[in-house]
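The structure under discussion appears below in the form of structure tokens.
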Amino acid sequence: MKKILMAAAVASAVLSPVSAFAAKDSVTFAARLEPPGLDPRTGAAAAISLTTLYNIYEGLTRIGEDSSINPLLAESWTISDDGKTYTFKLKKGVKFQDGADFDSSDVKYTFDANAAPDSQNKRKDRFENIKSVETPDAETVVITLKEPNPQLLAQLGEATAVIVDPASDKTNATKPVGTGPYKFDSWTKGDSLKLSLADTYRDKKDIAIKKVTFRFISDGTARFAGLLAGDVDAADVPNEMLTSDALKEDFNILVGNTNGETVLSTNNAREPLSKLKVRQAIAHAINRKEIIDGAMFGYGTPIGSHFSPQDPDYVDLTGTYPYDPEKSRELLKEAGYPDGLELTLKLPPVEDYARKGGQIVASQLEKAGFKIKIINVDWAQWLDEVYKKKNYDLSIVSHVEPMDIGIYARDDYYFNYKNKKFNDIMAQADTAVSMDDRSKLLKEAQTILAEDAVNGYLFELPRVIIVRKGLNGVWKDLPLFATDVARMSWSD
């Protein structure tokens, strides 16, 4: 059936007029997921960051494709010897897209709001570690921390730390306003998000791309057809389509890495998943290579804990519970389930790692004595039922934020994992001034998660994207989810 669909897509593209190709000052991206809102500080979906970060919104720092930390709204900074006080000098001449001037008071407003009791910021704990935000003048911000945080500069470049205009804060989810190069034009639900170069932007003369469109196309075959028809300039497509001859002449295939840990999310508080032997049985049932080959066409790096293989502190723990279905059956019997165990698997609408991967994972678990009921949900249902209400047994999702192992220490996180030893280790790691000490602690934390089989650790999500030839500046690697359009351009 897939071959028929693919052939139809190619045929349709061949018959389409080439006049649809993008102008040299505009670009169109195909996004498989539509963001639920446009305020990256309050939404958990990566689709928000992917469309708005560094385009509409900016933070004090910017993360580069190589994971480097660069100045953005802050042009320079100094750090006290104890690692607790950061003094930022802000860039001059910056305006919000509504015409308001940007200054130190906006930083203070944003960070105070992020730490407020009613804050919905998914990284609220980071801002709660801020003891004070002082503004000695319009171009200076002094941030004093309760405890040292050696990752602060990197974290200030993430979507949860973008600076907002107080006047538009309440409406950013639908009418976003930031200091970035592109202003919000329109959002047609179910179709597209359109941006254009902001007259207020300080360096607009240096921006080659004037108009940006994100088209929301959930079906992979349709994204493929959009590329060939000239309606789309960059997109990810089903991996089995990457070898198509139709792509060879006009497109480049970029293959890189992300910080996305793809896991079999597990509700550790729900019986019987609260039993270590049951979780160990799940871990022994998982064949990572079969999942990567079957769902990802061979793209992806196996992981044994919640940590990126690209990080220098990574420990390969994939051998902690080797693939052994018979061992899984033994563990289930020891846990009190000699006749097997029924579990539900709620899958979000991601066609490869979740839906295809979910079928493979379910088959593997059933071979090991489990009985799996697959329930497909849309993103709104997943966020409500799984992420917020924790009404699930198992799920599959990629956690895409960089260095996010600390989520396992959150009391209310949807894994429902409670381990004081782990929490203490992460607290020490988060405040360690010595990078050697921090590295040892992070390695210990990874090992605890692996041995506790908190989740089924599957693979690191690859970055594979098709880009029309002539479009330069598209990131091959994705250290965080952003589409940094201002640094793109077309060449002949």
Side-chain angles (χ1 to χ4, degrees), residues 1-7 9-10 30 32-33 46 65 218-225 227-228 234-248 251-265 283-311 314 316-325 345 347-365 367 396-400 455-467 474-479 481:
M1 183 63 179
K2 284 193 176 298
K3 291 182 178 179
I4 296 174
L5 291 173
M6 184 173 172
V10 174
R32 67 164 73 185
L33 298 175
E65 181 187 0
S218 60
D219 180 74
T221 303
R223 293 195 300 276
F224 182 84
L227 285 165
L228 299 185
D236 68 318
V237 302
N239 291 323
E240 60 265 32
M241 296 183 177
L242 295 173
T243 56
S244 170
D245 290 339
L247 295 174
K248 290 183 178 179
F251 299 93
N252 293 316
I253 301 175
L254 305 184
V255 180
N257 300 304
T258 78
N259 278 306
E261 288 81 29
T262 306
V263 302
L264 178 64
S265 305
H284 277 298
I286 292 172
N287 182 331
R288 297 180 180 90
K289 185 178 187 304
E290 187 178 53
I291 298 167
I292 293 170
D293 288 345
M296 304 300 296
F297 218 61
Y299 294 100
T301 304
I303 57 173
S305 187
H306 198 106
F307 217 76
S308 170
Q310 285 75 51
D311 194 286
Y314 172 75
D316 184 357
L317 295 162
T318 53
T320 304
Y321 296 110
Y323 176 59
D324 189 343
L345 176 59
L347 300 175
V350 181
E351 58 205 58
D352 45 27
Y353 75 72
R355 297 287 170 87
K356 292 179 186 175
Q359 293 286 345
I360 297 170
V361 168
S363 176
Q364 292 177 354
L365 290 173
K367 289 177 184 177
I396 296 181
V397 73
S398 282
H399 286 260
V400 297
N455 287 319
Y457 299 105
L458 307 180
F459 59 87
E460 194 75 359
L461 188 70
R463 159 76 158 175
V464 184
I465 186 168
I466 310 300
V467 179
V474 177
W475 286 4
K476 176 178 73 70
D477 296 308
L478 217 56
F481 273 63

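Here the structure is a predicted model, which means the values were calculated and not measured.
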Kindly compute the distance separating [atom1] ([X]) from [atom2] ([Y]), expressed to the nearest 0.5 Å.
{"X": "Leu264", "Y": "Tyr457", "atom1": "CG", "atom2": "OH", "value": "10.5 Å"}
{"X": "Ile253", "Y": "Ile466", "atom1": "CD1", "atom2": "CD1", "value": "4.0 Å"}
{"X": "Glu240", "Y": "Thr221", "atom1": "CD", "atom2": "OG1", "value": "7.5 Å"}
{"X": "Thr258", "Y": "Leu461", "atom1": "OG1", "atom2": "CG", "value": "4.5 Å"}
{"X": "Tyr353", "Y": "Ile360", "atom1": "OH", "atom2": "CD1", "value": "14.5 Å"}
{"X": "Leu478", "Y": "Leu254", "atom1": "CG", "atom2": "CG", "value": "11.0 Å"}

Return yes if some donor-acceptor pair links the side-chain N/O of [X] with the main-chain N/O of [Y] below 3.5 Å, else return no.
{"X": "Asn257", "Y": "Asp477", "answer": "no"}
{"X": "Arg355", "Y": "Pro348", "answer": "yes"}
{"X": "Ser398", "Y": "Gly260", "answer": "no"}

With sequence neighbours left out, which residue pairs that include part of residues 283-292 fulfil the salt bridge (charged side-chain N to carboxylate O under 4.0 Å, His left out) condition?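 For residues 283-292: Lys289-Asp293.
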Identify whether the distance between the nearest side-chain nitrogen and carboxylate oxygen of Glu351 and Arg223 falls below 4.0 Å.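 Looking at Glu351 and Arg223, the cut-off is met.
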Please tabulate, for side-chain N and O atoms in residues 299-307, each donor-acceptor pair with protein atoms closer than 3.5 Å (sequence neighbours left out).
| from | atom 1 | to | atom 2 | distance (Å) |
| --- | --- | --- | --- | --- |
| Ser305 | OG | Gln446 | O | 2.8 |
| His306 | ND1 | Tyr408 | OH | 2.8 |
| His306 | NE2 | Glu261 | OE1 | 3.4 |
| His306 | NE2 | Asp404 | OD1 | 3.0 |

Please name the residue in the list Leu228, Val467, Ile465 that meets the side chain to side chain contact (heavy atoms under 4.5 Å, CB included) test with Phe251. Leu228
Can you name the closest pair of heavy atoms from Ala46 and Phe481 and give their distance?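 It is CB-CD2, 4.0 Å.
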Set of ring-ring contact (aromatic ring centres under 6.0 Å, His included) partners for Tyr321, sequence neighbours left out: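 Scan of Tyr321 (ring-ring contact (aromatic ring centres under 6.0 Å, His included), adjacent residues dropped) gives His284.
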